[in-house]
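Structure record follows, encoded as structure tokens.
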Amino acid sequence: MRTILGMKYFWPYFWKLANPKVFMRWSGLCLPWLIALTVLCLGTGLIWGFFLTPDDARQGSTVKIIYLHVPSAFIAINGYFVMVLGSLFWLVRRQHVSVLVAKASAPIGMTMTVIALTTGAIWGQPMWGTYWVWDPRLTSFLILFLFYIGYVALWAAIENQDKVADLTSVLALVGAVFAVLSRYAVLFWNQGLHQGTTVTVADGVNQKNISSIFFQPLLLSMIGFGLLFLTLLLVGTRTEIRAQRLQVLEGLEKLK
Amino acid sequence: MIQLFTRDVVLSVRSGGGFGLALAFFLIVVVLMPFALGPDQFVLAKIAPGLLWLGALLACLLSSDRIFGMDYEDGTLELLATSPLPLESVYLAKSAAHWLTTGLPLSLAAPVFGLLLNLNLKVGGVLCLSLLLGTPALSLIGSFGATLTLGVRRGGLLLSLLVLPLYIPTLIFGALAVNAAALGKALDGSLLSILAISLGAIAVLPFFSAMALRANLQ
Amino acid sequence: MIPDLGKYAVEVASAYSITFLLIVIISFLYWRRGLIIRRRLMAAEARKDA
């Protein structure tokens with residue numbers, strides 16, 4: 001099975017990236033191409049979406065916000081996922097690169113959460129008549145944002161790198177469990193208190209019933225946002241690797 | 001482990017740091033609310049369940065940074081780490097002591113304070129029950145947060161930032177249960193969900209907290 | 001060839017501009033921190049080798 005999926009050839013090379021030197025070499029090679037590809041995909045996707053798609057019959061031109069809202073929400077969740085995986089690998093394998101990937105991922109994910117929330121609010125005002133409703137989806141995104149803030153704040157609070165790596169990883173894992181729990185609790189809560197709200201009627205911008213005119217540019221801008229995330233992740237991780245090396249060198253200088 | 005537990009209970013009762021203070025804080029929150037929202041009995045009764053849960057939760061949170069703080073500062077925690085007692089048990093004993101000195105009194109006092117907010121005693125009973133089931137989770141999560149912020153000077157604000165999002169599921173189910181009781185509806189599993197969160201916290205959090213303690217003590 | 005955004009022009013324009021602004025800000029911050037750290041590291045390496 002492993003061979004069929006090509007995993008036999010993938011994982012050994014993947015884990016080699018945990019060596020900082022290998023990571024720096026490979027990421028340095030990839031980065032210019034990634035940046036170019038990001039600009040290309042994001043540019044085409046958004047220009048296509050903004051200039052070349054028709055207005056929706058019901059939503060008018062606000063439908064164009066979807067090319068920002070859905071991709072950023074997608075990255076916001078996956079950014080947390082990357083963070084959790086990096087933390088898990090750090091706790092199990094003790095290789096610094098993985099926890100630095102997690103560290104670099106958090107601010108990007110946080111920004112994407114803000115983008116998703118604001119674009120959603122801007123879209124919600126004309127469509128739902130309000131910037132904010134305590135709909136389960138919206139609420140869980142706000143909670144996700146709170147978890148990001150806590151994680152970033154903990155990184156900023158402690159000097160000792162190994163210690164803070166352990167602590168933030170523990171927080172990321174426990175946070176993930178509670179984030180999922182909150183997602184379901186919130187579902188329960190809204191049902192319990194506001195039965196039969198009509199908010200979800202306006203949720204017509206569902207991926208399943210979206211026509212292909214809107215879907216193709218959306219797909220392209222989703223790929224673009226994904227590449228943007230990857231690019232920033234590599235840049236951030238490279239910086240953190242260098243920062244760690246810098247800290248070691250400065251520590252040595254102090255010893256002398 | 002039991003010795004550690006009794007030691008912590010005795011210490012917090014004697015020093016007056018946590019025991020009465022959390023309760024007094026809870027009372028003050030409850031008393032201030034009518035000033036903020038007006039004395040309308042109907043309005044008060046409507047918001048009382050959520051308010052009492054929130055007050056108890058904040059009282060629990062504010063007392064939790066002292067769980068490990070003192071022992072970390074005077075070196076007791078390092079002694080405990082070198083003792084044969086695993087850090088998981090240290091965490092459990094300390095959380096249990098915290099619950100006994102804050103969670104339990106808060107739960108018992110909540111129906112009485114509820115009377116101030118025009119909450120009838122029958123609903124108060126459900127409130128008391130939901131708090132009894134939920135405060136263990138609050139204590140466990142609070143002291144987990146305390147293990148994370150151990151080395152941070154003035155960690156109180158950071159502790160709240162880390163812990164409050166983790167409190168959300170417990171708060172949701174707790175307020176849900178009491179609200180359902182206030183409306184005379186069936187409890188539809190909210191109490192069971194709170195119990196599940198508490199049990200899950202007991203099962204999972206000791207390992208993560210011990211990891212955090214080890215990272216802080218190395 | 002700006003498309004006619006109809007009565008929702010303000011909404012759509014502000015959504016796009018806020019998003020661009022945030023993306024530019026985070027990219028700029030990542031880039032700047034990378035530059036600062038790289039310079040400091042190069043200086044430190046030079047001192048070590050000297």
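All figures in this text were calculated on a predicted structure; none of them were measured in a lab. We name chains A, B, ... by the order of the sequence lines, and we start the count at 1 in each one.
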- Sort out for me which residue in C:R40, C:R47, C:K48 forms a salt bridge (Lys or Arg N to Asp or Glu O under 4.0 Å) with A:E253. C:R47

Look up atom [atom1] in [X] and atom [atom2] in [Y], then write down how far apart they are to the nearest 0.5 Å.
X: C:T19; Y: A:L68; atom1: OG1; atom2: CG; result: 4.0 Å
X: A:Q125; Y: C:E11; atom1: CD; atom2: CD; result: 7.0 Å
X: C:L41; Y: A:T239; atom1: CG; atom2: OG1; result: 11.0 Å
X: A:L246; Y: C:E45; atom1: CG; atom2: CD; result: 9.0 Å

- Message: Using a 6.0 Å cut-off, check whether atom CH2 of A:W155 has over 12 heavy atoms from anything other than its own residue.
- Response: yes

Is [X] in contact with chain C via its backbone, its side chain, both, or neither, using a 4.5 Å heavy-atom distance?
X: A:I122; result: both
X: A:F229; result: neither
X: A:R238; result: neither
X: A:L228; result: side chain
X: A:Q247; result: neither

- Query: Picking from A:I108, A:L252, A:T118, A:T119, which has the most non-hydrogen pairs under 4.5 angstrom with chain C?
  - Reply: A:I108

- Sort out for me which of A:V235, A:L46, A:V114, A:I115 touches chain C most, counting heavy-atom pairs under 4.5 Å. A:I115

- Note on the structure: Heavy-atom closest pair (A:T111 atom, C:I26 atom, distance to 0.1 Å) is OG1-CD1, 2.9 Å

- Identify the heavy atoms of C:I37 and A:R242 that sit nearest to each other, and give their distance. CG2-CB, 3.7 Å

- Query: Ion pair present between C:R33 and A:E240, side-chain N to carboxylate O less than 4.0 angstrom?
  - Reply: yes

- Task: Please test C:Y30 against A:T231 for side chain to side chain contact (heavy atoms under 4.5 Å, CB included), starting from the C-alpha separation and ending with a verdict.
- Result: CA-CA 10 Å; C:Y30 266 56; A:T231 309; over 6 Å; no

- Task: Check each atom of C:I18 against the heavy atoms of chain A and say whether the ones under 4.5 Å are side chain, backbone, both or neither.
- Result: side chain

